[in-house]
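It should be emphasised that the depicted structure is a prediction, and the values quoted were computed from it without experimental measurement. Just so we're on the same page: letters track the sequence lines, and every chain starts at 1.
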Amino acid sequence: MVRVRFAPSPTGLLHIGNARMAVFNWLFARRHKGTFILRIEDTDVARSEKKYMDQLIEDLHWLGLTWQEGPDTGGQYGPYLQSERLHIYHDFCQRFLKEGLAYRCYCTPEELEERRQIARLTGKPPRYDNRCRDLTDMQKKAFETSGLSFTIRFKVPEELLIFDDLIRGTCQFDMSLTGDFVIMRSDGTPSFHFAVAVDDTLMQITHVIRGEDHLSNTPCHILLFHALNQKPPQFAHLSLTMGADRTLLSKRHGAFSISEYRKLGYLPEALLNYMILLGWAPRNKKEKFKIDDIIDTFEIGTMSKASSVFDQQKLDWLSGQYTREADLERLTNLAIPYLQAAGFISTDENKIDRAKLRLIVDAVRNNMSCVSQIGQEADIFFKDAVVSEKHLEFLSSEISQSVLLSFYGELQKLATLSPEMFKEAFVAVQIETKVNGKGLYMPVRIALTGREHGPELYGITNILGIEACKKRIERFLLVKK
RNA sequence: GCCCCCAUCGUCUAGUGGCCAAGGAUGCCAGGUUCUCAGCCUGGAGACAGGGGUUCAAAUCCCCUUGGGGGUACCA
């Protein structure tokens with residue numbers, strides 16, 4: 001039975017890079033019909049906040065991920081908040097101490113820092129020198145009575161540690177370069193390494209899927225698993241995601257938190273699809289897919305070993321694809337808040353003409369890669385054209401005037417204006433004025449929208465309705481009929 | 001400095017010794033779609049980091065160099 005976990009620290013908003021790790025854990029669990037667990041690593045009380053945890057859960061759910069065990073869903077291996085597991089780490093630590101696997105270290109952070117500096121300057125590995133490992137009873141007693149605070153360190157054997165990574169193959173580390181590491185901080189909270197090993201053991205994790213940044217922590221964790229009499233899980237270290245400047249993706253690169261993308265109106269399935277594309281390629285080469293399409297062919301071992309650059313343009317392309325195919329009712333609902341914020345429609349849901357809104361959304365969806373762009377695309381339907389000096393001059397020309405006048409004449413013959421009627425009317429205008437192509441459409445387009453670009457004209461007129469069209473044209477008729 | 005990981009078009013990738021004078025996607029450029037932008041369709045430019053080996057044969061295996069990334073904490 002496969003059991004995997006995503007174990008974030010609630011110290012900030014969930015980022016694309018981190019979310020991607022969650023996605024692949026989830027994907028792996030689904031692929032192997034296993035259990036996906038959410039565990040919150042909040043032992044760093046100074047930086048952890050409840051609001052980030054809540055946001056994290058919301059973001060993960062929004063992406064469409066679900067877990068079988070977690071702080072919100074419960075489960076038989078809980079609690080799933082490390083801050084509620086402190087006594088567990090404490091007990092294991094006592095056992096380590098009793099069994100001689102760990103010891104108290106009285107070195108102060110300042111001393112350690114100084115020794116690190118010296119090691120670096122002399123070209124030696126900056127490891128802890130294990131000096132508290134073999135204190136004499138006299139020395140121990142002296143430290144005890146002095147009241148100095150202490151950490152607990154794990155005794156690292158000087159051996160060559162070899163392990164197999166599902167993505168990277170065989171990895172080996174010379175542990176003589178590592179030095180005894182801290183498992184309990186002086187404030188009694190566990191270090192990351194210790195908490196992870198204890199929890200992964202107790203929660204019976206079978207596969208640890210995480211970022212490559214943890215690769216060099218892995219030997220330490222394996223040592224701890226051994227000390228816990230636990231067979232280490234299988235490891236899979238995924239390559240990391242970078243920004244355009246090839247540095248690790250971070251806040252500096254812009255809007256990369258999941259909630260930011262949500263606010264921008266990206267569809268979750270598009271984001272999810274894109275995140276999977278980073279580091280993995282579907283066998284059938286179809287880059288736009290539903291999870292169900294790929295779930296049977298997903299093999300974690302085929303993932304890219306090289307880190308990848310996050311490409312906003314490609315995300316926008318994919319997102320545009322999804323936006324074009326999305327259910328119109330859903331898209332319309334998503335668009336409403338943006339149109340309200342722009343002041344284009346009523347904040348009272350009951351006063352919204354939904355039928356008309358659907359037409360508008362449908363008319364402009366081709367030009368959008370995310371829903372927040374609806375405002376700048378759809379404003380032409382809600383306010384009269386603001387015409388520039390240059391356009392005014394264009395509309396005043398003899399040809400433009402003849403087209404506008406002719407079109408206006410056609411409108412007056414009609415009671416309504418369907419796309420078909422519009423096309424017929426334009427044929428009539430074309431015959432009457434002998435103008436065609438750009439010269440024919442552009443005066444009408446600019447008079448109606450104030451822009452040279454936009455959706456198909458017959459769609460615009462259909463949505464505006466005949467009266468509004470007449471009114472907008474009238475503004476630019478120099479000789480009123 | 002020390003340790004580890006990595007290296008195919010700008011970007012994401014296919015490629016696991018012959019099917020590769022390297023395929024797809026995105027982005028870019030051009031043409032088409034007899035209104036524009038977008039969309040869609042067609043075409044184009046664009047890469048095996050460099051050097052040594054191994055082999056009849058190397059993008060693929062080995063070594064070195066270079067480049068990138070990560071770690072090196074009482075952060076996770």
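Between the C1' atom of B/G10 and the CE atom of A/M242 lies a distance of 16 Å, rounded to the nearest Å. Separating the CE atom of A/M175 from the C1' atom of B/U72 is a distance of 12 Å, rounded to the nearest angstrom. Between the CZ atom of A/R283 and the P atom of B/C12 there is a distance of 20 Å, given to the nearest Å. As a whole-Å value, the separation of A/Y441 OH from B/A38 P is 19 Å. Following rounding to the nearest Å, A/L238 (CG) and B/C6 (P) show an atom-to-atom distance of 14 Å. Between the NZ atom of A/K285 and the C1' atom of B/G24 there is a distance of 5 Å, rounded to whole Å. Rounded to an integer number of Å, the gap from A/M184 CE to B/A76 P is 12 Å. If you take CZ of A/R104 and C1' of B/C74, they are 15 Å apart, rounded to a whole angstrom.
Taking atom P in both B/A47 and B/C9, one finds a spacing of 9 Å when rounded to whole Å. Comparing the P positions of B/U60 and B/A49 gives an interatomic distance of 8 Å, to the nearest angstrom. Going from the C1' atom of B/U16 to that of B/A58 covers 12 Å, rounded to whole Å. Nucleotides B/G17 and B/A59, compared at atom C1', are 10 Å apart to the nearest Å.
When heavy atoms are screened at a 4.0 angstrom cut-off, A/Q321 is found touching the sugar-phosphate backbone but no base atom. Residue contacts shown for A/R127 are absent, as no nucleic acid heavy atom lies under 4.0 Å away. Using a 4.0 Å heavy-atom cutoff across all strands shown, A/L277 reaches sugar-phosphate atoms only and no base atom. Using a 4.0 Å heavy-atom distance criterion, A/E452 is classed as a base contact. Residue A/R365 is classed as having no contact, given no heavy-atom separation below 4.0 Å to the nucleic acid. Using a 4.0 Å heavy-atom cutoff across all strands shown, A/P455 reaches at least one base atom of the nucleic acid. Across all strands shown, A/F192 has heavy atoms under 4.0 Å from base atoms, whether or not it also approaches the sugar-phosphate. A/G279 comes within 4.0 angstrom of the backbone, heavy atoms only, and of no base. Heavy atoms of A/C107 sit under 4.0 angstrom from at least one base atom. Across all strands shown, A/S9 has heavy atoms under 4.0 Å from sugar-phosphate atoms exclusively, and none from any base. Residue contacts for A/R120: at a heavy-atom cut-off of 4.0 Å it reaches a base atom on one of the strands shown.
Proximity of A/R116 to the phosphate of B/C2: no side-chain N or O atom is located under 4.0 Å from OP1 or OP2. At least one side-chain nitrogen or oxygen of A/R153 sits closer than 4.0 Å to the OP1 or OP2 atom of B/C74. When the side-chain nitrogen and oxygen atoms of A/S191 are compared with OP1 and OP2 of B/C75, none of them lie within a distance under 4.0 Å. Dashed line: the shortest gap from a side-chain N or O of A/T178 to OP1 or OP2 of B/U72 is not under 4.0 Å. Residue A/Q117 places no side-chain N or O under 4.0 Å from the OP1 or OP2 atom of B/C2. Contact between the side-chain N/O atoms of A/R451 and the OP1/OP2 oxygens of B/U36 is not found at any separation under 4.0 Å.
Side-chain contact annotation: A/R47 with A/S9, donor-acceptor N/O pair under 3.5 Å absent. Side-chain contact check for A/N217 and A/H214: at least one donor-acceptor pair (N or O, by modelled atom type) lies under 3.5 Å. Using modelled atom types, one finds no donor on one side chain facing an acceptor on the other under 3.5 Å when comparing A/D311 with A/Y274. In this model, a donor atom of one side chain and an acceptor atom of the other lie less than 3.5 Å apart for A/Q312 and A/D316. For A/N367 and A/Q373, the side-chain atoms include no donor-acceptor pair closer than 3.5 Å. Counting only N and O atoms by type, the side chains of A/Y441 and A/E456 include no donor and acceptor under 3.5 Å apart.
Nucleotide B/U66 forms a pair with B/A7, judged by Watson-Crick or G-U wobble geometry with both contacts under 3.5 Å. The partner of B/U54, taking Watson-Crick or G-U wobble pairs whose two distances both stay under 3.5 Å, does not exist in any strand shown. Under the Watson-Crick and G-U wobble criteria, each requiring two contacts below 3.5 Å, nucleotide B/U36 is left unpaired. In this entry B/A73 has no Watson-Crick or G-U wobble partner, no candidate having both defining distances under 3.5 Å. Under the Watson-Crick or G-U wobble criterion, with both distances below 3.5 Å, B/U16 is left unpaired in every strand shown. Across all strands shown, B/A59 has no partner, as no Watson-Crick or G-U wobble contact with both distances under 3.5 Å is found. Using Watson-Crick or G-U wobble geometry with both donor-acceptor distances under 3.5 Å, B/C28 finds its partner in B/G44.
For a distance-only test at 3.5 Å, the side chain of A/N367 qualifies as a donor-acceptor partner of the base of B/C37. On a pure distance criterion of 3.5 Å, no polar donor-acceptor pair joins the side chain of A/S307 and the base of B/C6. Put simply, the side chain of A/E456 and the base of B/C35 share a donor and an acceptor less than 3.5 Å apart. Applying the 3.5 Å distance criterion, the base of B/A25 shares a donor-acceptor pair with the side chain of A/K314. One cannot find a donor-acceptor pair under 3.5 Å joining the base of B/C5 and the side-chain atoms of A/R168. Not a single donor-acceptor contact under 3.5 angstrom links the side-chain atoms of A/E212 to the base of B/G71.
With B/A76, B/U36, B/A38 as the choices, the nucleotide that has an atom nearest any side-chain atom of A/H453 turns out to be B/U36. Comparing atom distances between the A/Q313 side chain and each of B/C74, B/G27, B/C37 picks out B/G27 as nearest. The nucleotide whose nearest atom lies closest to any side-chain atom of A/D311 is, among B/A76, B/G39, B/U11, B/U11. With distances taken from any side-chain atom of A/R246 to the nucleotides B/G68, B/C74, B/C75, the minimum falls on B/G68. Counting only heavy atoms from C-beta on, A/E287 has its side chain closest to B/A25 among B/C74, B/A25, B/G71. Distances were taken from every side-chain heavy atom of A/A306 (C-beta onward) to each of B/G1, B/U36, B/C6; the shortest belongs to B/C6. Picking from B/G70, B/U26, B/A76 the nucleotide with the shortest atom distance to the side chain of A/T43 gives B/A76. Between B/C5, B/C35, B/C40, one nucleotide has an atom nearer to the side chain of A/L215 than all others, and that is B/C5. Residue A/L278 places its side chain closer to B/C12 than to any other of B/C40, B/C37, B/C12. If you check B/C74, B/G1, B/G70 against the side chain of A/R185, the one that comes closest is B/C74.
Ring-plane geometry between A/Y266 and A/Y261 is classed as perpendicular, the angle between the planes exceeding 60 degrees on a 0 to 90 degree scale with a lower cut at 30. Using a 30° and 60° split on the angle between ring planes, A/F426 and A/F407 fall in the perpendicular class, above 60°.
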Evaluation steps, side chain to side chain contact (heavy atoms under 4.5 Å, CB included), between A/H221 and A/F192: CA-CA 10 Å; A/H221 295 177; A/F192 159 74; 3.8 Å; yes
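A cation-pi arrangement is absent between A/R31 and A/F298, since the terminal nitrogen or guanidinium carbon is not both under 6.0 Å from the aromatic centre and inside a 45° cone about the axis.
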